[in-house]
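Have a look at the structure below, then the notes.
Within every chain, numbering begins at 1; the chains are lettered A, B, ... in the order of the sequence lines, protein sequences first and strands thereafter.
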2 protein chains.
Amino acid sequence: MGDTLMTIRQMCDAFEVTPRTLRFYEARELLFPQRNGQHRLYGRTDRARLKLILRGKRFGFSLEQIRQLLELYDPAERNITQTEATLATARERLADMERQHQELGIALSELRDQIAQGETWLQNLKSGA
Amino acid sequence: MGDTLMTIRQMCDAFEVTPRTLRFYEARELLFPQRNGQHRLYGRTDRARLKLILRGKRFGFSLEQIRQLLELYDPAERNITQTEATLATARERLADMERQHQELGIALSELRDQIAQGETWLQNLKSGA
DNA sequence: GTCGGGGCTTACGTGAACGTAAACCTCGCC
DNA sequence: GGCGAGGTTTACGTTCACGTAAGCCCCGAC
């Protein structure tokens, strides 16, 4: 298929990360690129996983939390009890994210208010000067 | 007013942090408790600020980013150019948070889908066994 | 052949955000 | 008057997520 294997440098350019970062994620078992001899080659799933990793990071998740989430997107574990455990932790993450989404909405409106106040206060200062 | 000053331990119990954390935030100029001799005393504004700090941390912001945001909620800087700078960085944070809110919505639906798939797949396994 | 570019491993360094240990003060109580 | 609880400073240790440097391999171009 359109597996379009990419070198580590191509990946770095595409996702704006460093080689060190990709190798580090691999060491932490978040990525599993193929090998051509010594060289790493990243395929479609690696790109999808990396995208999820970077997104998770923006949400403030740790790499370990992200790794557990990736298990869900991964058809690696075919075991029943394993999958149930994965689902359980995924539901916890989901709850976290829902709470965070809620909180973010509140914080957004508060921050907008605060910025508006600051702006009017600034206008008063300027007109009063 | 209901300033109800609190000791460091009362604060720790109320917000589930350690004394070290509160002193650390003070060293980084995120909190400014009064002093009764040597002892710290935390008032209403300190509690409000700490609440914002902990929320910001859940959103993945650094303490420095949070400190800049707190300047907005704080009537400390009465300077015009200073306030304009504060507003500018606050708008950046706001943009970050809006993007994050958006992304979180997407990630949430994707994760829900993925969990649902995992659940049905698990059901198939159990019934098929 | 050599040499530069790209990639690899190994290992020590770094900044953020605290943890933890040592040593001191001081106030209330028995 | 001693002592234990609670608070303080100082300073080194720790975890996470990489950065950075050294040294090696390998392949294609000149």
B:Thr83/B:Thr86 under side chain to side chain donor-acceptor pair (under 3.5 Å): CA gap, chis, key distance, verdict
CA-CA 5 Å; B:Thr83 305; B:Thr86 300; 5.8 Å; no

Does the pair [X]/[Y] count as a salt bridge with the N-to-O cut at 4.0 Å?
| X | Y | value |
| --- | --- | --- |
| B:Arg55 | A:Glu110 | yes |
| A:Arg40 | A:Glu26 | yes |
| A:Arg49 | A:Asp46 | no |
| A:Glu98 | A:Arg91 | no |
| B:Arg58 | A:Glu103 | yes |

Between B:Thr4 and B:Arg47, a side-chain donor and acceptor under 3.5 Å
yes

Side chains of B:Arg67 and B:Ser62: is there a donor and an acceptor less than 3.5 Å apart?
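Distance-only check fails for B:Arg67 and B:Ser62.
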
For atom [atom1] of [X] and atom [atom2] of [N], their distance in whole Å:
| X | N | atom1 | atom2 | result |
| --- | --- | --- | --- | --- |
| B:His39 | C:dT26 | NE2 | C1' | 7 Å |
| A:Arg9 | C:dG5 | CZ | P | 13 Å |
| A:Asn36 | C:dG6 | CG | P | 17 Å |
| A:Leu41 | C:dG6 | CG | P | 16 Å |

On a heavy-atom basis, the closest approach of A:Pro19 and A:Cys12 is N-SG, 3.3 Å

Exercise: identify the closest heavy-atom pair between A:Ala90 and B:Leu111:
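Nearest pair, atom of A:Ala90 first, then B:Leu111: O-CD2, 4.2 Å.
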
Give, ordered by number, those residues of residues 55-69 of chain A having at least one heavy-atom distance below 4.0 Å to an atom of DNA chain D; if nothing qualifies, reply none.
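Output list: A:Lys57, A:Ser62, A:Leu63.
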
Interface with DNA chain C, restricted to residues 12-27 of chain B and to heavy atoms under 4.0 Å
B:Thr18, B:Arg20, B:Thr21, B:Phe24, B:Tyr25

Hey, where on DNA chain D does chain A first and last touch, going 5' to 3'? Cut-off is any atom under 4.0 Å from a heavy atom.
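Taking any atom under 4.0 Å from a heavy atom of chain A, the span is D:dA17 to D:dT20.
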
